[in-house]
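Worksheet: one structure, shown below.
Because the structure is a prediction, the values reported are computed rather than measured. Just so it is clear, the values below take in all heavy atoms, side chains as well, and ignore hydrogens, waters and symmetry mates. Letters A, B, ... mirror the listed sequences (proteins, then strands); counts begin at 1.
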2 protein chains.
Amino acid sequence: MRFPQSSLRNGETPPRTSNLPFHSTVSVQKLRRFNILILVFRLASFSFSLASAVFMITNSHGSDSPNWHDFDAFRFVLAANAIVAFYSLAEMGASIWEILKGTTLLPEIVQVWFDFGHDQVFAYLLLSADAAGTALSRTLRGGGGGGDTCTAVNSFCVQSDISVALGFAGFLFLGFSSLLSGFRLVCFIISGSRFLLYL
Amino acid sequence: MRFPQSSLRNGETPPRTSNLPFHSTVSVQKLRRFNILILVFRLASFSFSLASAVFMITNSHGSDSPNWHDFDAFRFVLAANAIVAFYSLAEMGASIWEILKGTTLLPEIVQVWFDFGHDQVFAYLLLSADAAGTALSRTLRGGGGGGDTCTAVNSFCVQSDISVALGFAGFLFLGFSSLLSGFRLVCFIISGSRFLLYL
């Protein structure tokens with residue numbers, strides 16, 4: 001009696017009987033690449049938000065200059081950017097965990113809903129903060145109704161403009177992350193696992 | 001030879017052989033209720049945005065008062081609210097068409113993506129406009145850096161505050177519409193038709 005394996009010559013690989021393990025490996029690789037892409041977006045979002053918050057919090061040029069915490073909208077910009085930077089850092093940790101260990105940090109259903117929900121809410125938060133900051137900046141430059149703050153202390157206005165612009169860049173990458181986590185959520189709802197269907 | 005129907009007595013309903021038509025009727029009814037809910041949200045969003053735009057455009061109290069079109073942020077509020085009002089009106093038309101005729105106005109796949117995409121973009125647009133309007137209002141009230149416009153002409157500030165608040169209400173209902181159209185999009189992606197799976 002011969003076993004099927006005994007017909008193989010030396011150095012030959014056994015014939016593949018099912019495509020399932022191969023398919024699964026491809027899925028795992030694609031999920032890994034997808035997670036790395038999310039990680040890159042989170043890193044960009046974290047960097048821009050942190051830079052924006054730092055630019056805003058250091059925005060005081062001596063005692064004769066206005067201070068960022070005198071302005072509601074600038075406080076809002078700082079708070080929103082700090083929240084997004086902290087959230088992006090936490091999500092980066094979760095992404096790295098997932099790439100290394102192959103499982104999500106929280107249970108899978110909680111993780112996908114958590115990611116998408118928070119991405120959406122924080123994107124709205126950051127966009128409204130940046131819009132409010134832009135409106136205040138324009139007012140300070142004398143674009144109607146505002147005083148002549150910027151003609152007196154120009155460096156304050158330039159620095160807050162930079163902070164708001166960095167916040168918009170952070171919003172952009174948070175929006176990309178939100179698209180990807182929304183896609184992952186849809187995949188999870190369809191197939192019951194976060195492994196991707198369409199990539 | 002007796003036909004199965006002939007065994008029924010007078011007034012008896014024939015026994016149901018398959019659940020398929022029943023299920024389909026329920027689906028149609030649920031889709032109809034869902035569409036009516038969307039229509040209500042669109043109507044609310046339209047009303048609030050239109051009211052906000054009207055409040056803003058009529059916001060000039062004589063020649064000694066400031067005018068809304070002197071302020072960038074208020075122009076942005078007016079434009080965003082007018083766009084959302086127009087979009088909600090068009091979407092209401094599409095909803096009514098769908099409720100009456102049973103088919104979507106555009107091809108189904110175009111319609112679900114169009115609805116969700118525009119809901120998202122216009123929600124971000126409206127929120128950022130309202131945030132900018134709020135920041136300007138607070139500045140005008142003297143919340144740092146701004147002049148004393150509101151102490152001089154209070155009715156102008158009150159009317160622009162009302163306009164911005166109505167804009168936020170419009171954003172709220174647009175957000176609800178966006179949730180529902182997102183749900184419909186996911187149903188469409190899963191099942192290939194807009195008939196609802198989980199309701």
Side-chain angles (χ1 to χ4, degrees), chain A residues 66-77 80 116-117 120-121 123-150 152-153 156-157 160 164 168 171-172 174-175 178-179 182-183 185-192 197-198, chain B residues 66-77 80 116-117 120-121 123-150 152-153 156-157 160 164 168 171-172 174-175 178-179 182-183 185-192 197-198:
Chain A
N67 207 317
W68 61 269
H69 55 67
D70 299 334
F71 301 95
D72 287 327
F74 287 162
R75 283 205 299 265
F76 186 23
V77 169
F116 181 65
Q120 286 278 312
V121 170
Y124 279 115
L125 178 75
L126 191 55
L127 182 67
S128 59
D130 288 331
T134 309
L136 180 58
S137 290
R138 291 192 66 92
T139 314
L140 290 182
R141 287 198 183 286
D148 51 355
T149 315
C150 283
V153 192
F156 175 78
C157 289
S160 42
V164 169
F168 273 116
F171 163 73
L172 197 70
L174 188 59
S178 169
L179 278 182
F183 178 73
L185 177 64
V186 170
C187 285
F188 181 80
I189 291 173
I190 293 175
S191 67
L197 295 173
Y198 301 120
Chain B
N67 208 318
W68 62 269
H69 54 66
D70 299 333
F71 301 94
D72 288 326
F74 287 162
R75 282 207 299 267
F76 186 23
V77 169
F116 180 66
Q120 285 278 311
V121 170
Y124 280 115
L125 178 76
L126 192 56
L127 182 68
S128 58
D130 288 330
T134 309
L136 180 58
S137 289
R138 289 192 67 92
T139 313
L140 291 181
R141 287 200 183 284
D148 52 353
T149 314
C150 282
V153 192
F156 176 78
C157 288
S160 40
V164 169
F168 274 116
F171 163 74
L172 197 69
L174 188 59
S178 170
L179 278 183
F183 178 74
L185 176 64
V186 171
C187 286
F188 181 80
I189 290 174
I190 294 175
S191 67
L197 294 174
Y198 301 120

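Between A/Phe171 and B/Tyr124, the two ring planes are perpendicular [angle over 60°; tilted spans 30° to 60°].
To the nearest 0.5 Å, atoms CD (B/Gln120) and CG (A/Leu179) are separated by 8.5 Å. Here the CG-OG1 distance, from A/Leu140 to B/Thr139, works out to 7.0 Å after rounding to the nearest 0.5 Å.
Looking at B/Ser128, the atoms closer than 4.5 Å to chain A (heavy atoms on both sides) sit in the backbone and in the side chain alike.
A/Ala132 approaches B/Ala135 most closely through the heavy-atom pair O-CB, 3.3 Å.
Comparing A/Leu185, A/Leu127, A/Asp130 by how many heavy-atom pairs each has under 4.5 Å with chain B, the most go to A/Leu127.
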